[in-house]
Amino acid sequence: MKPKIAIEHLYKIYNEGKESEFAALKDITLSVGADEIIILKGVSGSGKSTLLSLMAAFSKPSRGTILIDGENISKLPDIFASKFRNKEIGFIFQSFNLIEGLSVSENVRIPLVLEPLEKKEIDQKVEKALQLANIAHKSQQNIADLSGGEKQRCAIARALVNNPSIIFADEPTANLDKENSLKFIEVLEKFKTLKKCVVVATHDSLFDDLPFVSQYINITDGELVL
Amino acid sequence: MSIFLLDSIVVMFFVETVLLLLMGTSMFAVAKILKYWNFDASTTLQYALEKKNYLVNTIILFTIGVKIILFVFFVKSLDDLAPLVPGAMCATGVIGANKFGNTLLIYKIFTLFLLGVWVVINRLDLKTKKFDYLRKKYYLFIVIFALLGIEFALELLYFTNIPLNTPVFCCSVVFVVENLPFGLETVDLVKIFYLLFVSILVVDYFNKASLSFVLNILFLLLAYYCVTYFFGTYVYEEPNHKCPFCMLQKEYHYIGYLIWSTLFLGTYFGISPHIIYSLIGKKYQRLLRYNALFLTLFVAICSYYVISFYLRNGVFL
Amino acid sequence: MRNKSFIDFSVRLLIKEKKDYLFSFFIFAFIIFIVTAVLFISNSIKRDLLVALANEGQVIVKNNKGGHYAPLNDAYLDALLEINGVDDVVGKVDGYYNFAQDRRYFHVVVEEDLNDSSIYVSEDVGELLKKFKYEKEFNFLVKDTLITLDIAKVVASNIISNNTIFVNEYNARRVLEMDDDAYSYFVLKVPNEDEIENIALKIPKLYPNLVALPDYEVESDYDHLYYYKGGIFMILYIVSLVSFFILLKNQISSVYGSRRKEIAILRSIGFSISDIILLKFIQNSIVVFGAYFMAIILSYLYVFFFDAPLLRNIFLGEHVTHISFTPVVDIKMLFLIFIFTVIPYLASILIPSWKLAIEDISEAMK
Ligand SMILES: Nc1ncnc2c1ncn2[C@@H]1O[C@H](COP(=O)(O)OP(=O)(O)O)[C@@H](O)[C@H]1O
Ligand SMILES: [Mg+2]
């Protein structure tokens, strides 16, 4: 079966050609199946975030290719790359990255404003995502008034609202207490039943030895350790 | 005292200057893009250029929007200048006040057409995954930029040379001698006009871009004479009032703006598919639909005046 | 192209971030306010002049002896009537009375409805006369006699009737010391418009000391004057406008700087570079149209309800008080202001918006 994500000889070199040149990723080759859950493990500074940001087309690699559904996403023009992010990817950040000053449901509906949808359809989708992420009861609350766990559930709802096929999570539990971290792991299992392709970057040992995880990949100094 | 000090002229030049400055800035980006563009490279430079591409697009799109607004403002200003220029009763006198006027007007319409073509090519380019038409789009833009520079100079020449002491000729004089093309009579002209209109509809239906190109240019020319010498007289309801500009005035409910804009838009959609095809080798016949739409609207408005006059008076002019 | 929910979202963000735009909104509204007020005033003055003119005849004939306007007499009247195409010639009396006590001149205008013993004065004259204790009546001092006339009414002043005393023709001749057969100028009625110009050209040939002006020429004289002044004003204004835009650009850049993270979040969710530019364009359009309409409404009130304190003095001089401007709003002027202010504003935000949009997503989110 064709992999969902296929990464080949990927390099990311910061400040290339300058004195401060630094290779954050070196010759990464990796593939992820369509309904696999992958945990990317590594200490801080090993290059996990860099890899995720390349896979989500936030930034461009220095060399190598990232094929998603057979398309080299790192060569896509911005309009296509953005559309790809919008439709195919849900990203859950360590610091949640919600827009302060807007309510939970306003945050969750943002990915949908880019699509030619009727207001009713948008409302339905938002409602569904809020239910899925267990945050529907707080939908009118301002982000600033939420606890860390609630913020994350809001972020999960936003990531799911467009029904993406891929979910990336960068240190999802770093800002959570143990209880909420465990809840996130339950969510992860839910992703499995939803048949999402999931990549989680973390150094949290809570993620060790989870039965539904397809692969654990270690990364050190920008290189995969097999 | 010079007409140059009119507030609307001052404002127009101010905005034109702002636009030229904006476009001038983007010319640097364009030069850089054309020089270093290499889509296959994964260099920081290439990615920076891709980002610059969006700046230039934004600036040009903005320029085009403003240019259209300014064009309307320009025509309106001509009308308002009429009381200042001795002898001028409408824009005819003002535009004919020196040898640059008519050239400037046609030139402005021409650059708007080209800008319109650029917009379409840009749209098509943005739909490709490899910036297929990027170079051609920017070469075209360089040409347009040069043309806009010339337009600015022409505009300066025109406005600084409007005489305020010697009387100019107005429409009652300028359009009185019927110098119709090919020595045709008005009636024949109108017949050909409708014939041409119908053939354009047919050609549009069969998506023939190059034929549409030729027919639309002919139609534009013919339509100008027909509106001025035939349909106009029904708008004014006076057999001897022949003028393409008076209909822009309030007395005629500004109908001229609708008449001329439907004509220009219509012909624009009729001729651009062929130009686009010859520039980038891409068929974009979809525009021909709008050609048919706008020309039909145009012909309907013109015919309405004739028919309504006939129904009310039982005679033609 | 984006749809309505995109616009709604832009508006929602704008409301949330209204503080960012407060500065540009008010400064910009102020700038539009000033330029609109100035144009309102000058258009209103021009209109009053033109209306006054429209009441006159079609060719105005004056005596221009030695560069000074001198009275005309009856003899000319008959001669002018002889000219082909002239239907009627009306002699007009009009002039200035020197009010020595305040060292100023009053414009003396004929108002036929008045009787031989009363006058009307314009508001500002009435006010001034009160200071000199002329409340009920006024003494014109002519040669060595006094002409005492009742002040029957104080009329509101507009640009034309400002500084004016209205009297009937009999009194006008006495006050201005004009003989019964003397006139200040003639108004020729010419029914056929096409002949106006010919007649105006013919008169000075027949009588070299006479000046003849077709009314549209007087009109375009006014036009020239006001357009000219308008143009100079505009040029000066552009200078201040340009400095404003530099200020604006800096302000926008710094405000945008603080929004880097938010924009990066939007980008990560799927907003493209063009979407961000569009978003900022929509927001700024709302700000700038808001400022535009607010400024126009305020300056309408300022000029036509409050009679433009301060600015009025610049236009009409210190001594002019009690003036009311006739409300004139024309679409063309609003269009002009729009092009003059809104378009450069929007032009000046394009580059900062683009800079904001192209920030590296992962960098800006850190
Ligand atoms: N913009 C940048 N310029 C230079 N070095 C960077 C930049 N971003 C990240 N790095 C470096 O790249 C390495 C990997 O960073 P990152 O991917 O954030 O690691 P992780 O997420 O595993 O903690 C780090 O050493 C970091 O200092
Ligand atoms: Mg990290």
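Here is the naming used below: chain letters follow the sequence lines, and residue numbers restart at 1 for every chain.
For C:Y345 and C:F338, the ring centers sit 6.0 Å or farther from each other.
Side chains of C:Q283 and C:K280: a donor on one and an acceptor on the other come within 3.5 Å. In the model, A:T65 has no side-chain atom that pairs as donor or acceptor with a side-chain atom of A:N72 under 3.5 Å. In this model, no donor atom of one side chain and acceptor atom of the other lie less than 3.5 Å apart for A:N97 and A:K151.
Classification of A:D69 and A:K4 as a salt-bridged pair holds, one side-chain N sitting under 4.0 Å from a carboxylate O.
For the pair A:S105 (side chain) and A:Q140 (backbone), a donor-acceptor distance under 3.5 Å is absent. Looking only at distances, no side-chain donor or acceptor of A:N142 sits under 3.5 Å from a matching main-chain atom of A:D145. Side chain of A:E21 to main chain of A:G17: a donor-acceptor pair is present (N/O by atom type, distance under 3.5 Å, no hydrogens or angles). Remark: the backbone N or O of A:Y11 is not paired with any side-chain donor or acceptor of A:R63 at under 3.5 angstrom.
In this structure, chain A has a heavy atom under 4.5 Å from the side chain of C:F9, while its backbone stays farther away. Neither the backbone nor the side chain of A:F84 has a heavy atom closer than 4.5 Å to any heavy atom of chain C. Of the two parts of A:R158, only the side chain, counted from C-beta on, holds a non-hydrogen atom closer than 4.5 Å to a non-hydrogen atom of chain C. Proximity to chain C is absent for every atom of A:Q94, based on heavy atoms less than 4.5 angstrom apart. Proximity to chain C is absent for every atom of A:F91, based on heavy atoms less than 4.5 angstrom apart.
For residues 290-304 of chain C, the set of pairs meeting the side-chain hydrogen bond (donor to acceptor under 3.5 Å, both in side chains) definition, not counting sequence neighbours, is empty.
Each of A:I217, A:I66, A:L10, A:D170 was checked for a side chain to side chain contact (heavy atoms under 4.5 Å, CB included) with A:L51, and the lone residue meeting it is A:L10. Of the listed residues (A:I89, A:V199, A:L160), just one forms a side chain to side chain contact (heavy atoms under 4.5 Å, CB included) with A:I167, and that residue is A:L160.
The choice from A:N162, A:L52, A:I99 that makes the most heavy-atom pairs within less than 4.5 Å of chain C is A:I99. Each of A:K119, A:E106, A:K87, A:K83 has some count of heavy-atom pairs under 4.5 Å with chain C, and the biggest count is that of A:E106. Ranked by non-hydrogen atom pairs under 4.5 Å with chain C, the options A:L112, A:I79, A:I110 are led by A:I110. The greatest number of non-hydrogen atom pairs below 4.5 Å with chain C, out of A:I122, A:L117, A:N86, A:L114, is found for A:L114.
At a threshold of 4.5 Å between non-hydrogen side-chain atoms, the residues A:I7 and A:L54 do not count as touching. A 4.5 Å side-chain heavy-atom check between A:N180 and A:E150 finds every atom pair outside the cut-off. Here the side chains of A:C154 and A:I143 are in contact, with some heavy-atom distance below 4.5 Å.
Around atom CZ of C:F305, no more than 12 heavy atoms belonging to other residues, nucleotides or ligands sit under 6.0 Å away. Around atom CG of A:D221, no more than 12 heavy atoms belonging to other residues, nucleotides or ligands sit under 6.0 Å away.
For residues 18-28 of chain C, a heavy-atom distance under 4.5 Å to chain A picks out no residue at all. Residues of residues 347-366 of chain C having a heavy atom under 4.5 Å from any heavy atom of chain A, listed by number: C:D360, C:I361, C:S362, C:M365. Identified by a heavy-atom distance below 4.5 Å to chain A, the contributing residues of residues 259-275 of chain C are C:K261, C:E262, C:I265, C:L266, C:R267, C:S268, C:I269, C:G270, C:F271, C:S272, C:I273, C:S274, C:D275, in residue-number order.
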